[in-house]
Each structure stands twice: as structure tokens, then as C-alpha cells.
Amino acid sequence: MSAEFCNDIAPIQYKGKASADPLSFRFYDKDKILLGKRLEEHLRFAVCHWHNFCWDGKDIFGLGQGSFNRPWHRTNAEPMVLAKEKMNAAFAFMNKLGVPYWCWHDYDIAPEASTIKESRKNFATMVDYAEQKLSDTGIQLLWGTANAFSNPRYMCGASTNPNPEVFAYAASQVQNAMEATHRLGGANYVLWGGREGYQTLLNTDLKRESAQMGRFLQMVVEHKYKIGFKGTILIEPKPQEPTKHQYDYDTATVFGFLQRFGLEKEIKVNIEVNHATLAGHSFEHEVATAASLGILGSIDANRGDQQNGWDTDQFPNNVADLVPALHEIIRAGGLTTGGFNFDTKVRRESISAEDLFHGHIGGMDTLALAYTVAAELFESGELQTFINQRYAGWDGELGQKILSGQLSLAETSQWAVNNNIDPQPVSGRQEFLENLINRYVHK
């Protein structure tokens, strides 16, 4: 069940809306032209290695055994043998699914050993193996990253750890993973600070930890230029979990942090849908914020469960919820080096290989349909026309003088008095606009 993981499943094909075949795409026609590009080029779908091939189905609270019976999870074989079996299964799956991209953490693809030197040796071997797999299949690397959060050494942070030796260990991992990403033609490199935060302020020096994290990010950018990596560096915001509070709480927080350390033009964000909702925001809000600040990079596509207060990483399945956010992405010019990575996992009760296909097929169809609807809305110009009209006054003489600095506070005040102004409220027409979205969704 490694290379043969999905031998009994035929390659997934687009068969159209009327298809009754559950192992087919109904809306994801990768060659469909939207806004002058193929749908595949807009969406740039990726499969993640960690949830799909590393997770053994163990309960989120660590109770009981893993429910998946994947042969590469067995314990009676050499770790490197299992790592290659796991990668064989991953590429067999991605090839059948027809996705163009892949994502990984360093210790997803190579087992961490008892020493840093042995770990680097394992990783180097598996990067060689991955390079051949990419060449054989034509699949590309959307992004790589380092797992600087699972090992107990990182329980108090990686770059923010009170011990500088832990900082150095994390630096070694990130350097190694970034160079591997560069070698494998990765389009981006991601930093996720899963332990970069605190559990209590009683033992935390916030000023010191933010300075450490800022310097770490500067070092990453410096190394990017040193090795000639042309991809984008991305930070993935998340408010909490596993820590009580994470320093990369949301997109606006990340931007402020980047500005503080002179990195706002060097690093963008990888927005995860479930992380946005954990922060008390909508996915649309996080995308719109990132676009307005010029740091929209890539998307981790998933959803959370409204009844649960944790990161459930479920497959997206609601077209209407996604359309506004995807419209914001299109308005911003689309994703350039980024894409839609499925940071998703089947439920631990879904134990067959076929379940993994159903999850991704549903997610890809949902995003394809939502993107098609968003593109139609964008091309109509109806929403943008309304927004332009709402702010038209700022394109006039008064608005331009205020924004250009030609008027001071006192001069603006005097203008209001001299003109005896009495501005009247204007309807925001929210309900009309919500109905407009639904009109396109439910054509």
C-alpha cells in the first residue's frame, strides 16, 4: 500500500456537472479559460505531505492508537525505508489526483534522528529521492518549510526560545529546508511559528522574544539572497494553538511586526482559512487585509468546525462562503507564486485510500466552482462599480487635497465652516450586495 496505495483507483478526470461518478471532477476543468488563464494556473492546487501521509489517525487529544492502517506507519522497519514508501504513496496519489504542486515540512519527508548531523543526512537522502520523484511526475514544489515545533526542544519556542542553542538548532533546520526548497524549484518558503508565543506571561520577556524573532526573520531573508532563491518567503498567521498566544496572530499583526523589522517588502503571508476563523475573523477579512497591505502570498485551503474551538483542518465544501474571499484574490491580481494548498485531513474514521480522494476531489471542485463564480462577478464589474461610486468623493477636489497633504486639520475644518456643509447619511446597501453575491452563486 505504498507505491500500490491507489492502484485500484483510476486517474481522476473532469466529467462535468452531470457526472454521477464520485471519483471524478464535476467543476474542476483544469483547462477551462477564466480571465485569460487556465483554471489550473489560477488555483495552483497542492497536496500536503503531513496530514495525508504522516498523520496516523491518532485522536487530536492523543487518546488511543492511530486509526489508519498505512503500511509506512509500521514500527518494524527502518525509518528511511518507511520514508521512501511514504513518498512513493504520496506521488502515486498526487499523480492520480492530477494536482500540479506538493508541500512538505523537513521531518515529514525524512525521519528526525538522534543527532543533528544524522537528521541532516537523512534529509539530504530524501531530498535526492524527492528530486527524482518530481522529475518523473512533473509535479512541482509549491513550498517547503521546517518543523521547528514538534520536538520537545521547541516546547518554549524556536526563534523565541530562552536558550540561544535552540535558536541555533532552528536556524540549522530552516537553512537546510530553505536550500532544499531552492534546489527542488520551490515557488515559496513558509515560516509557521507554532511555538512562537507564550503559555503564561509570568515567565516571558515579550520585548526580548520579539527581538529574537525579528532577527531570525532578517536572517532568513539574508540567506534567501545569499543562495539566490527567487521564491517568496511566507509567514503563516495563527492566533493560538498549540500556544496560548502566538506572535503571528493574524495578518494585520504580522504586517506590523514586519514593518518594525524592515521586512514588509520581503515577506508575505500564507493565509489558512481555519486560522482566520480561530482569530475571530473571516477568511475574506484576512485576504482583503493582506491584499490592502501588499502581502497576499498563498492560501492554505481548509475549513473549521463551528462547534469546535480548535484547528480541525477539514476540506472546504461551501461555495457561497468562499466566493467573497476569492473575489478579493482576483481583485488583487490573483496568486502569483502562491497557490491553494490543501492543509486538510480526512476524519480519523475515514480510513480508506478512497476517502483521501473524495476529500480532495470535493475540495478542488468547491474551490473551482467558487473561483468561477468570483471571476464572473469580477468581470461583471457590478460590485466594483458600487464600491467606486461609494468612495467617489475621495476622487474629487476635496478628497484629493486632503490625501495629498495640501490641507491641514485647521484648513479642512475651515473649509467645512466656509461651505456650511451638512453631509447626509447614505445607505451602505449591505443586503442588496449580499443578494448580488447570491445571484451569481445560485445561477
Side-chain angles (χ1 to χ4, degrees), residues 1-10 12 19-26 28 45-77 82 85-99 102-105 107-108 147 149-150 194 238 241-242 272-278 283 300-319 321-322 340-367:
M1 196 177 160
S2 50
E4 300 79 28
F5 178 62
C6 48
N7 271 1
D8 58 341
I9 295 176
I12 309 303
S19 174
D21 179 2
L23 290 173
S24 70
F25 296 120
R26 299 175 64 237
Y28 178 55
F45 284 137
V47 164
C48 76
H49 206 70
W50 51 100
H51 288 320
N52 296 309
F53 303 100
C54 299
W55 182 47
D56 65 359
K58 181 172 285 188
D59 185 275
I60 187 173
F61 301 109
L63 304 175
Q65 296 179 333
S67 57
F68 299 156
N69 186 28
R70 317 290 200 224
W72 54 87
H73 291 149
R74 67 189 186 276
T75 58
N76 61 345
L82 298 176
E85 286 188 20
K86 182 167 55 175
M87 192 172 288
N88 290 342
F91 275 89
F93 172 77
M94 291 186 287
N95 220 25
K96 290 285 182 76
L97 189 62
V99 292
W102 175 50
C103 298
W104 48 252
H105 298 83
Y107 293 148
D108 296 338
N147 180 340
F149 48 86
S150 291
K238 189 178 183 183
E241 192 195 75
E272 179 172 323
V273 180
N274 204 171
H275 293 182
T277 52
L278 286 175
F283 176 40
D300 268 10
N302 59 20
R303 79 179 200 276
D305 189 311
Q306 293 182 358
Q307 291 182 231
N308 294 336
W310 60 82
D311 197 2
T312 57
D313 291 326
Q314 294 168 255
F315 288 90
N317 67 357
N318 191 314
V319 172
D321 278 354
L322 288 168
F340 288 86
N341 168 51
F342 286 101
D343 190 353
T344 49
K345 55 190 176 189
V346 295
R347 300 304 87 187
R348 67 186 300 266
E349 299 82 10
S350 301
I351 60 175
S352 76
E354 191 172 299
D355 294 324
L356 207 55
F357 281 94
H358 287 309
H360 283 85
I361 290 168
M364 292 166 75
D365 263 349
T366 298
L367 279 164

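Numbering starts at 1 and runs along the sequence shown. Just so it is clear, the structure is predicted and the values come from calculations on it, not from any experiment. All values below come from the heavy atoms of this structure, side chains included, with hydrogens, waters and symmetry mates left out.
- Between Trp50 and Cys103 there is a side-chain heavy-atom pair separated by less than 4.5 Å.
- Of all non-hydrogen atoms in Trp102 and Ala46, the two that sit nearest each other are N-CB, 4.0 Å.
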Q) Is there a side-chain contact (heavy atoms from CB on, under 4.5 Å) between Gln314 and Arg347 once you walk through the steps? A) CA-CA 8 Å; Gln314 294 168 255; Arg347 300 304 87 187; 3.4 Å; yes

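- Residues Pro316 and Phe342 have side chains in contact (heavy-atom distance under 4.5 Å, counting atoms from C-beta outward).
- Side-chain contact between His49 and Lys86: present, with at least one pair of heavy atoms (C-beta onward) separated by less than 4.5 Å.
- With values rounded to the nearest 0.5 angstrom, Asp59 atom CG is found 5.0 Å from Arg348 atom CZ.
- In this structure, the side chain of Trp72 does not engage the main chain of Asn88 through any donor-acceptor pair within 3.5 Å.
- Judged purely by distance below 3.5 Å, without hydrogens or angles, the side chains of Ser352 and Glu354 never pair a donor atom with an acceptor atom.
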Q | Val346 and His358: CA distance, side-chain angles, deciding distance, side-chain contact (heavy atoms from CB on, under 4.5 Å) verdict | A | CA-CA 9 Å; Val346 295; His358 287 309; over 6 Å; no

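- Of the possible polar contacts, none joining the Asn7 side chain to the Ile9 backbone as a donor-acceptor pair under 3.5 Å is found.
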Q: Begin from the C-alpha positions of Tyr107 and Ser150 and carry the test side-chain contact (heavy atoms from CB on, under 4.5 Å) through to its verdict.
A: CA-CA 10 Å; Tyr107 293 148; Ser150 291; over 6 Å; no

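- A side-chain donor-acceptor contact under 3.5 Å links Asn302 to the backbone of Asn274.
- Within the 4.5 Å cutoff, side-chain heavy atoms of His51 are placed close to those of Asp343.
- Side-chain atoms of Asp365 come within 3.5 Å of backbone atoms of Tyr28 as a donor-acceptor pair (strictly under, hydrogens ignored).
- Within the model, atoms CE of Met94 and SG of Cys6 stand 10.5 Å from one another, a figure rounded to the nearest 0.5 Å.
- Remark: the backbone N or O of Phe91 is not paired with any side-chain donor or acceptor of Asn95 at under 3.5 angstrom.
- Without hydrogens or angle criteria, His360 side chain to Leu356 main chain gives a donor-acceptor distance under 3.5 Å.
- Applying the salt bridge (Lys or Arg N to Asp or Glu O under 4.0 Å) test to pairs two or more places apart or on separate chains, those with a residue in residues 300-318 are Lys238-Asp311.
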Q: Go through Met87 and Trp104 one step at a time and tell me if the side-chain contact (heavy atoms from CB on, under 4.5 Å) criterion holds.
A: CA-CA 11 Å; Met87 192 172 288; Trp104 48 252; over 6 Å; no

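- Residues Ile351 and Ser67 share a closest heavy-atom pair of CG2-O, 3.5 Å.
- Looking at Leu97 and Phe45, their side chains never come closer than 4.5 Å, going by heavy atoms from C-beta outward.
- Taking the side chain as every heavy atom from C-beta outward, Asp355 and Phe68 never approach each other to under 4.5 Å.
- Taking 4.5 Å as the limit, every side-chain heavy atom of Thr312 sits out of range of all side-chain heavy atoms of Gln306.
- A heavy-atom distance below 4.5 Å is found between the side chains of Ile12 and Leu23.
- For Cys48 against Asn52, the heavy-atom pair with the smallest separation is O-ND2, 2.7 Å.
- Looking only at distances, no side-chain donor or acceptor of Asn317 sits under 3.5 Å from a matching main-chain atom of Thr366.
- Residue Arg26 holds its CZ atom at 15.0 Å from CE of Met364, rounded to the nearest 0.5 Å.
- Here the CZ-CD distance, from Phe53 to Glu85, works out to 13.5 Å after rounding to the nearest 0.5 Å.
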